[in-house]
*Asks:* 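Before I ask anything, here is the structure I am working with.
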Amino acid sequence: QVQFVESGGGLVQPGGSLRLSCAASGTFFRLYAMGWYRQGPGKQRELVATTSPGGNTNYADSVKGRFTISRDNAKNTMYLQMNSLKPEDTAVYYCNRGELGLIRWGQGTQVTVSS
């Protein structure tokens, strides 16, 4: 019975930065690959970044070099540091397990990149 609560979104100008947080409830957070996903207006939900239980990471080409995913297993928390934001990053951002183990989605947090 894992639940996710995303936070940290907001309005930012192009080139700006935000840090998103994902608080996960459940006793086995540290055992799962985790990921950040986003869904922009009129678009499908897409995988942005993943982190393994040990902290290895992978990124979508569209965010590589700009975003950094990390996790703190002791706190059952995952983060997404977003730098050099672009208008095309505008989306609702969600956290979940990796694609092989998705469970119910949280409410997400809105990120809007606009001048």
Side-chain angles (χ1 to χ4, degrees):
Q1 45 186 355
V2 177
Q3 293 182 321
F4 304 114
V5 179
E6 301 93 342
S7 62
L11 174 64
V12 64
Q13 294 184 349
S17 297
L18 286 172
R19 190 178 84 148
L20 308 183
S21 296
C22 169
S25 62
T27 57
F28 297 104
F29 173 83
R30 71 186 188 280
L31 301 180
Y32 295 104
M34 294 289 296
W36 283 97
Y37 303 77
R38 68 185 182 187
Q39 186 169 22
K43 300 174 67 176
Q44 297 283 104
R45 201 192 311 266
E46 65 176 345
L47 180 63
V48 175
T50 59
T51 178
S52 73
N56 293 330
T57 60
N58 201 8
Y59 299 90
D61 287 342
S62 59
V63 308
K64 203 168 297 182
R66 300 187 297 120
F67 291 10
T68 302
I69 188 172
S70 61
R71 66 194 295 163
D72 186 338
N73 288 335
K75 296 182 178 180
N76 283 9
T77 302
M78 183 173 64
Y79 306 96
L80 185 68
Q81 178 66 48
M82 305 186 295
N83 299 324
S84 302
L85 283 162
K86 304 175 180 179
E88 50 262 46
D89 296 317
T90 295
V92 179
Y93 284 71
Y94 302 88
C95 62
N96 210 309
R97 294 178 181 173
E99 288 187 304
L100 294 177
L102 290 169
I103 57 173
R104 65 183 174 272
W105 298 96
Q107 64 184 344
T109 185
Q110 176 72 50
V111 172
T112 302
V113 185
S114 176
S115 59

*Asks:* Look at the side-chain heavy atoms of Ile, Leu, Val, Met, Phe, Trp and Tyr, link any pair under 4.5 Å apart, and say whether Val5 and Leu18 land in one connected group.
*Replies:*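 Result: no, two separate clusters.
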*Asks:* Give, for atom CG of Asn96 and atom CH2 of Trp36, the distance between the pair rounded to the nearest 0.5 Å.
*Replies:*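 So the CG of Asn96 and the CH2 of Trp36 are separated by 11.0 Å.
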*Asks:* Determine whether Val113 and Lys86 satisfy the following criterion, side chain to side chain contact (heavy atoms under 4.5 Å, CB included), listing intermediate values before the conclusion.
*Replies:* CA-CA 6 Å; Val113 185; Lys86 304 175 180 179; 5.5 Å; no
*Asks:* Establish whether Leu85 and Val92 are linked, either directly or via other cluster members, by ILVMFWY side-chain heavy-atom contacts under 4.5 Å.
*Replies:*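 No: no chain of side-chain contacts under 4.5 Å links Leu85 to Val92.
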*Asks:* Count the heavy atoms of every other residue, nucleotide or ligand shown that sit under 6.0 Å from CG of Leu100, and state whether that count exceeds 12.
*Replies:*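 Not buried by this count: 12 neighbours or fewer within 6.0 Å.
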*Asks:* Count I, L, V, M, F, W, Y as connected when their side-chain heavy atoms are under 4.5 Å apart, and connections chain through other members. Are Leu11 and Phe67 then in the same cluster?
*Replies:*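 No, it is not one cluster - the side chains of Leu11 and Phe67 are not joined through contacts under 4.5 Å.
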*Asks:* Compute both the distance and the angle, then confirm whether Arg71 meets the cation-pi test with Tyr32: under 6.0 Å from the six-membered ring centre, within 45 degrees of the axis.
*Replies:*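 Pair Arg71/Tyr32 does not count as cation-pi.
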*Asks:* Do you know which of Arg38, Glu6, Gln110 makes side-chain hydrogen bond (donor to acceptor under 3.5 Å, both in side chains) with Tyr93?
*Replies:*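 Among Arg38, Glu6, Gln110, the one meeting side-chain hydrogen bond (donor to acceptor under 3.5 Å, both in side chains) with Tyr93 is Arg38.
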*Asks:* Nearest 0.5 Å, what's the OG1-CE distance between Thr51 and Met78?
*Replies:*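 Rounded to the nearest 0.5 Å, the OG1-CE separation comes out at 8.0 Å.
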*Asks:* On the 0 to 90° scale, with breaks at 30° and 60°, tag the Tyr94-Trp105 ring pair as parallel, tilted or perpendicular.
*Replies:*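 Rings of Tyr94 and Trp105: perpendicular, over 60°.
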*Asks:* Hey, quick one: are Leu102 and Phe4 part of the same hydrophobic cluster, counting side-chain heavy atoms closer than 4.5 Å, chains of contacts allowed?
*Replies:*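 Hydrophobic grouping puts Leu102 apart from Phe4.
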*Asks:* How far apart are the C-alpha atoms of Tyr79 and Thr68, what are their side-chain angles, what is the distance that settles it, and do they pass the side chain to side chain contact (heavy atoms under 4.5 Å, CB included) test?
*Replies:* CA-CA 8 Å; Tyr79 306 96; Thr68 302; over 6 Å; no
*Asks:* Mind checking whether Tyr59 and Leu20 sit in one hydrophobic cluster, side chains of I, L, V, M, F, W, Y counted as touching below 4.5 Å?
*Replies:*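 Linked, Tyr59 and Leu20 end up in one cluster.
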*Asks:* Using 0.5 Å steps for rounding, measure from the CG atom of Leu31 to the CG atom of Asn73.
*Replies:*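 The CG atom of Leu31 sits 8.5 Å away from the CG atom of Asn73.
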*Asks:* How close do Pro14 and Ser115 get, heavy atom to heavy atom, and via which atoms?
*Replies:*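 Smallest heavy-atom distance, with atoms named: CD-N, 3.7 Å.
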*Asks:* If I take atom SG from residue Cys22 and atom CE from residue Met34, how far apart are they, to the nearest 0.5 angstrom?
*Replies:*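 Cys22 SG to Met34 CE: 4.5 Å, rounded to 0.5 Å.
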*Asks:* Answer yes or no: are there more than 12 heavy-atom neighbours, outside Gln107 itself, under 6.0 Å from its atom CD?
*Replies:*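 Counting other residues, nucleotides and ligands, CD of Gln107 stays at 12 neighbours or fewer.
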*Asks:* Once rounded to the nearest 0.5 Å, what's the spacing between atom CD1 of Ile69 and atom OG of Ser52?
*Replies:*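 If I round to the nearest 0.5 Å, the distance is 10.0 Å.
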*Asks:* Can you list the steps and then say if Asp89 with Arg66 is a side chain to side chain contact (heavy atoms under 4.5 Å, CB included)?
*Replies:* CA-CA 11 Å; Asp89 296 317; Arg66 300 187 297 120; 2.8 Å; yes
*Asks:* Which heavy atom of Ser84 sits nearest to which heavy atom of Ser17, and what is that distance?
*Replies:*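 Ser84 and Ser17 have their closest heavy atoms at N-OG, 4.4 Å.
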*Asks:* Just how far is it from atom CD of Glu46 to atom OH of Tyr37, taken to the nearest 0.5 Å?
*Replies:*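 Reported to 0.5 Å precision, the distance equals 11.5 Å.
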*Asks:* Please test Lys75 against Ser21 for side chain to side chain contact (heavy atoms under 4.5 Å, CB included), starting from the C-alpha separation and ending with a verdict.
*Replies:* CA-CA 11 Å; Lys75 296 182 178 180; Ser21 296; over 6 Å; no
